[in-house]
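I have placed the structure first, in the form of structure tokens, so that the comments after it can refer back to it.
Whatever order the structure lists them in is the order used to number ligands and atoms, beginning at 1. Please read all numbers here as calculations on a predicted model, not as lab measurements. The first residue in the sequence is number 1, and the count goes up from there. Note that these values count all heavy atoms, side chains included, but never hydrogens, waters or copies made by symmetry.
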Amino acid sequence: MDSVNKNAPVGVFDSGVGGLTVAREITRQLPNESIVYFGDTARVPYGSKSKDTIIRYSRQIVRFLRTKNVKAIVIACNTASAFALNTIEKELDIPIIGVVKPGAKSAIENTKNNRIGIIGTEGTINSELYTEYIHGIDPEATVIGKACPLFVPLVEEGMLHDTVTDEVARRYLDELKEQNIDSLILGCTHYPLLRSTIGKIMGENVNLVNPAYETAISLGELLKKNNIRADINAKPKYQFFVSDAADKFKSFANSIMPFRIDETNRINIEEY
Ligand code: DGL
């Protein structure tokens with residue numbers, strides 16, 4: 001690892017805009033780290049696709065990110081973390097992390113009654129990976145998962161505060177409310193953007209766990225362990241790439257990132 005340029009960027013990828021919630025958290029916690037972000041806007045959603053397809057997509061994205069000389073990779077997508085991380089990490093010689101393990105760790109550390117809910121895409125919930133990690137830490141914990149497939153398109157359409165979103169959320173979450181959970185993992189990168197809606201329905205006794213926060217902490221630890229943290233006076237550079245609809249992505253990104261994004265480049269990911 002010693003020959004790696006410490007000020008090289010971290011590669012962050014997602015199926016679309018959702019991973020920006022993870023990138024945002026990385027910029028807050030690790031302000032000297034540069035980021036190359038890739039959003040697979042041409043092939044979103046990942047949540048309803050098969051494991052084989054998600055592994056193929058993830059391999060292509062990793063190959064693209066490596067052309068940008070990234071020093072580490074964050075899979076900022078729960079579905080891709082659940083389906084592809086184990087495979088990809090065996091194929092790579094740079095550090096890589098996903099969002100599922102950090103999210104699971106945070107939930108188990110914070111629950112008091114050992115009853116944890118998870119909401120995510122169908123792929124993430126059906127993979128049962130969150131449950132596996134949580135049971136790896138505490139086999140006694142009760143874990144209740146619920147897929148919420150309509151949340152992603154509602155977020156993508158910018159309907160963050162909307163009566164339609166409120167109604168959909170109520171339908172999904174009412175059954176979880178009856179389960180007496182005290183922690184709810186927002187197990188999809190889009191869901192932190194619906195935090196206020198979800199929080200209103202679940203009530204103040206349910207702690208909403210945003211895996212993005214814990215992922216940024218894990219990334220900091222991983223970079224430190226590998227001795228590749230950026231210098232403390234390094235000026236970060238943020239680059240954004242997508243596979244389609246670059247302008248739409250850019251205006252969404254500008255609505256949630258704490259700095260202005262002037263350029264988003266479209267690339268043909270199928271070439272990688
Ligand atoms: N980013 C995906 C995730 O966190 C959600 C969007 C999708 O289905 O592609 O699971």
Can we call the ring centroids of Tyr37 and Phe13 under 6.0 Å apart? no
To which protein heavy atom is [atom] closest, and what is the distance rounded to 0.1 Å?
{"atom": "atom 10 (O) of ligand 1", "result": "Thr79 OG1, 2.6 Å"}
{"atom": "atom 5 (C) of ligand 1", "result": "Cys188 SG, 3.3 Å"}
{"atom": "atom 8 (O) of ligand 1", "result": "Gly47 N, 2.8 Å"}
{"atom": "atom 1 (N) of ligand 1", "result": "Asp14 OD1, 2.7 Å"}
{"atom": "atom 2 (C) of ligand 1", "result": "Cys77 SG, 3.5 Å"}

Carboxylate-amine/guanidinium contact Asp247 Arg266, below 4.0 Å: no
May I ask whether Ser15 places a heavy atom under 4.0 Å from ligand 1? yes
Quick one, Arg43 with Gln60, criterion side-chain hydrogen bond (donor to acceptor under 3.5 Å, both in side chains). Give me CA distance, side-chain angles, the key distance, then yes/no. CA-CA 12 Å; Arg43 305 188 292 196; Gln60 287 178 320; 2.7 Å; yes
Where on Thr189 is there a heavy atom closer than 4.0 Å to ligand 1, on the side chain, on the backbone, on both, or on neither? both
Of the side chain and backbone of Asn78, name the one, both, or neither that has a heavy atom under 4.0 Å from an atom of ligand 1. both
Kindly indicate whether the side chain of Asn86, heavy atoms from C-beta on, has any atom under 4.5 Å from the side chain of Glu89. yes
Tested for salt bridge (charged side-chain N to carboxylate O under 4.0 Å, His left out) against Glu91, the lone hit among Arg63, Arg59, Arg66 is Arg59
